[in-house]
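The next block holds one structure in the form of structure tokens; read it before the comments.
Just so you know, these numbers use all the heavy atoms, side chains as well, and skip hydrogens, waters and symmetry mates. Per chain, numbering begins at 1; letters A, B, ... match sequence-line order.
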Protein chains: 2
Amino acid sequence: MDPHSLTRELHVKNDSKIVMLVADGLGGLPMTPGGKTELESAKKPNLDALARIGVQGASIPVCPGIAPGSGPGHLGLFGYDPVKYLIGRGALEATGIGFHMQPGDVAARGNFCTLDASGKISDRRAGRIPTEESAPLAIRLREAKVPGYETFVEPVKEHRFVVVFRGAGLAGNVKDTDPQAVGVLPLAAEAHDAASKKTAEIANQWIAAATKLLAGEKKANGLTLRGFAGRPNLPSYEEVYGLKAAAIAVYPMYKGLARLVGMEIIGRAQSLSEQIDVLEQNWSKFDFFFLHYKYTDSTGEDGTFEAKVKKIEEFDAVLPRVNALKPKVLIVTGDHSTPSYLKAHSWHPVPTLLVSDCCRPDGNTTFGENTSIRGGLGHFKAKYLMTLALANAGRLTKYGA
Amino acid sequence: MDPHSLTRELHVKNDSKIVMLVADGLGGLPMTPGGKTELESAKKPNLDALARIGVQGASIPVCPGIAPGSGPGHLGLFGYDPVKYLIGRGALEATGIGFHMQPGDVAARGNFCTLDASGKISDRRAGRIPTEESAPLAIRLREAKVPGYETFVEPVKEHRFVVVFRGAGLAGNVKDTDPQAVGVLPLAAEAHDAASKKTAEIANQWIAAATKLLAGEKKANGLTLRGFAGRPNLPSYEEVYGLKAAAIAVYPMYKGLARLVGMEIIGRAQSLSEQIDVLEQNWSKFDFFFLHYKYTDSTGEDGTFEAKVKKIEEFDAVLPRVNALKPKVLIVTGDHSTPSYLKAHSWHPVPTLLVSDCCRPDGNTTFGENTSIRGGLGHFKAKYLMTLALANAGRLTKYGA
């Protein structure tokens, strides 16, 4: 069920403040049977103090067993059913590099490739050409034009770039031009539906012009496009929750995801401490604050257990500054687990802590995986976290008489 | 998912008796961090004895974060998905005062209001006119007639009354006539769909006749209608569960809700002890008994923690009489939480206890919020409680071969 079908009707406004602290990839695993997880190993006096007055639960990002990427992971936390709301690959890539997609835009992921004399693909990733060499090529592609349409090209990493098409009558249901094989020609862009015919046409014109610009390049003289996608049409926080919401993030991806649900991106923080500065400075201006902390995920992906522990401890250390602001509702969670043991996003439920004056504390005295699975919030789908936040903030009236 | 899609096919009959004791608003909160809830504070030797042989769980009335009214709260307990099955405001109000709506009836909530010389609303609630003064006015409105249709008017409290229209071709999708503002004329009733056109027409004729009857009244010389709604079309307990079911309630609202799912209303008990008398007297005649106990909710709504504790203790005291009847399945639950701390219905999961010879006891030795969240039934949506009841009663065959 879509929580918005209820929150849209039931939300009311008041002066409460809600803070959602997202430690990316927070959940973990022990490195050996019987061991502790990263979170359980960390010295985290402030989180444990919150655990004593709060309520915990195990947040399931999508459904049991499904490890989400950053897109569905955050959509879930924001209360948008991540199965219902898909962010197409191209749109997510554009969002991730900070490109502001407008309604009607269609984005695609581009791969530089190597073509042989007959135009057939000899290397689908152009030998994983280094970013220093590929970025200038991506910039050059900005010269490829299609009359009547705007195109935007942004470098990404190695052989990857993003292209966005803007103009009348575009839709994102277009087949990849990457044949997923070598020794064959790149495919033509082909529409899956009538609404996307114009997009396929424009894309083919643009590919022809762009390929011409790459002629003679040794490593990367061709390209393919994948993951065509329009800007996802997500209802705003204001509409579904009645919240004026702000996002405080360092990385473009999380700013982009927050922007898609209508949050305002505030500050230019480059560190957690600066993020808290931004939170303090903007306290009076918003109802809801999403603060994204990246390093619990990146250390987990690196497989560096001790480094992840340290990042959790650094996160814990700033909590008194957040507490001092006296939010009505304070939430600590993650968009998914990233166990150092797996060096990857995982499906494990995410330890989640909610503190408010009416949260019904569950008797836990520390915060971790093993306490969260026995917490008062139970095992719940992440998409209900915002509903719980609103309820604890007194921002939902009752359903039915 | 709709539990009835399975129970309708799988239910079988036997001689077992199921008793569902609903202590309205049972769940609570501590008044101070680290404190106990009302249920945890109460001396309840009989509930604790049942906890030792039973299985507990945390019942989620609708979904996490949503506080239900009595309508959706009880529909959930009865196994009817409270998001799928809506009882319109007018129908709930009629139900709540004990009016027996028939299929095809349309009910609306009425407000007496004050009109100025030009017919514009000067007070939308007629100064919250006392019931002693408004009830005779509501009775007088019974004289307003619409040819070819029956109308029924019942007083409610203060400025409120209920009107029910009966006749061919009526449906409930009609706009409120309350403009939600003063200094403007009441709106005309207007149909939202073709099926409701006749209702709007009849309503407008009735309003004209009724307003004429109020002419000259100082406090309440006008009226508005809100929440038009047909009788909800709920499948019966007999159909979806194969149960001959009885309801033992003191208040009209709960009798009405039970009647909507096909329960028979038995007895005229005015106290809990008399309700148990009725239960004993009718033991042989029904398969399922719903017994509603109001005072855990009303004391919670009053914010009187100690009074709620006392009402729980009084509830506990009658349990030996229920046990003596040896039901195959005994359930103790609530339709939602009503913490004294909040003085209102809340979203918190409801402590729920199920006892049968095959319930798989969970090792708990007392009954409360903190034991229920760690109980053997887990955190479950209320709509599955009836499925659990039937299973424990041996009244469901297996699904699939």
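- Neither the backbone nor the side chain of I373(A) comes within contact range of chain B, judged by heavy atoms closer than 4.5 Å.
- One finds a salt bridge joining E238(A) and K13(A) here, because a Lys/Arg side-chain nitrogen approaches an Asp/Glu carboxylate oxygen to under 4.0 Å.
- Summarising the geometry, atom CG belonging to L77(A) is positioned 6.0 Å from atom CG belonging to D335(A); distances are rounded to the nearest 0.5 Å.
- A salt bridge links E239(A) with R8(A): at least one charged nitrogen is closer than 4.0 Å to a carboxylate oxygen.
- Contacts with chain B were tallied for C358(A), A389(A), P3(A); C358(A) has the most, counting heavy-atom pairs under 4.5 Å.
- Between chain A and the residues G34(B), G28(B), G96(B), the largest count of heavy-atom pairs under 4.5 Å involves G28(B).
- To the nearest 0.5 Å, atom CG of residue L234(A) and atom OH of residue Y237(A) are 11.0 Å apart.
- Counting all heavy atoms, side chain and backbone alike, V22(B) lies closest to H74(B) at CG1-NE2, 3.9 Å.
- When only modelled atom types and interatomic distance are considered, T37(A) and E369(A) share a side-chain donor-acceptor pair under 3.5 Å.
- Contact annotation for P30(B): only side-chain heavy atoms (C-beta onward) come within less than 4.5 Å of a heavy atom of chain A.
- Residue P61(B) does not touch chain A at all, counting heavy-atom pairs closer than 4.5 Å.
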Item to complete: Might you work through the salt bridge (charged side-chain N to carboxylate O under 4.0 Å, His left out) test for R124(B) and D178(B), ending with a clear yes or no?
Response: CA-CA 8 Å; R124(B) 287 178 52 236; D178(B) 182 350; 2.9 Å; yes

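- For F290(A) and F78(A), the ring centers are positioned less than 6.0 Å apart.
- Top candidate by heavy-atom pairs under 4.5 Å with chain B, chosen from L10(A), L377(A), V55(A), is L377(A).
- Neither the backbone nor the side chain of M386(A) comes within contact range of chain B; no heavy atom of the residue lies under 4.5 Å from a heavy atom of that chain.
- Using a 4.0 Å cut-off between a side-chain N of Lys or Arg and a carboxylate O of Asp or Glu, D357(A) and K328(A) qualify as a salt bridge.
- There is a side-chain donor-acceptor pair under 3.5 Å between K294(B) and Y254(B).
- Counting heavy-atom pairs under 4.5 Å between each of I53(A), N392(A), L6(A) and chain B puts N392(A) at the top.
- No more than 12 heavy atoms of other residues, nucleotides or ligands shown are found within 6.0 angstrom of CZ on R360(B).
- Between chain B and the residues R374(A), M1(A), R52(A), the largest count of heavy-atom pairs under 4.5 Å involves R374(A).
- Looking at L390(A), neither its backbone nor its side chain comes within 4.5 Å of chain B, counting heavy atoms on both sides.
- Residue H345(B) touches chain A through its side chain alone, counting heavy-atom pairs closer than 4.5 Å.
- Of the atoms belonging to S346(B), not a single heavy atom falls under 4.5 Å from chain A.
- Taking both residues in full, the closest heavy atoms of P351(B) and L26(B) are given as O-CD2, 3.6 Å, listed atom of the first, atom of the second, then distance.
- Among S5(A), P361(A), G376(A), G363(A), the residue making the largest number of heavy-atom pairs under 4.5 Å with chain B is G376(A).
- The greatest number of non-hydrogen atom pairs below 4.5 Å with chain A, out of G35(B), G71(B), P72(B), G378(B), is found for P72(B).
- Using a 4.5 Å heavy-atom cut-off against chain A, the contacting residues of residues 80-93 of chain B are P82(B), V83(B), L86(B), R89(B), L92(B).
- Comment: D287(A) does not engage K17(A) in a salt bridge, judged by the lack of any side-chain N to carboxylate O separation of less than 4.0 angstrom.
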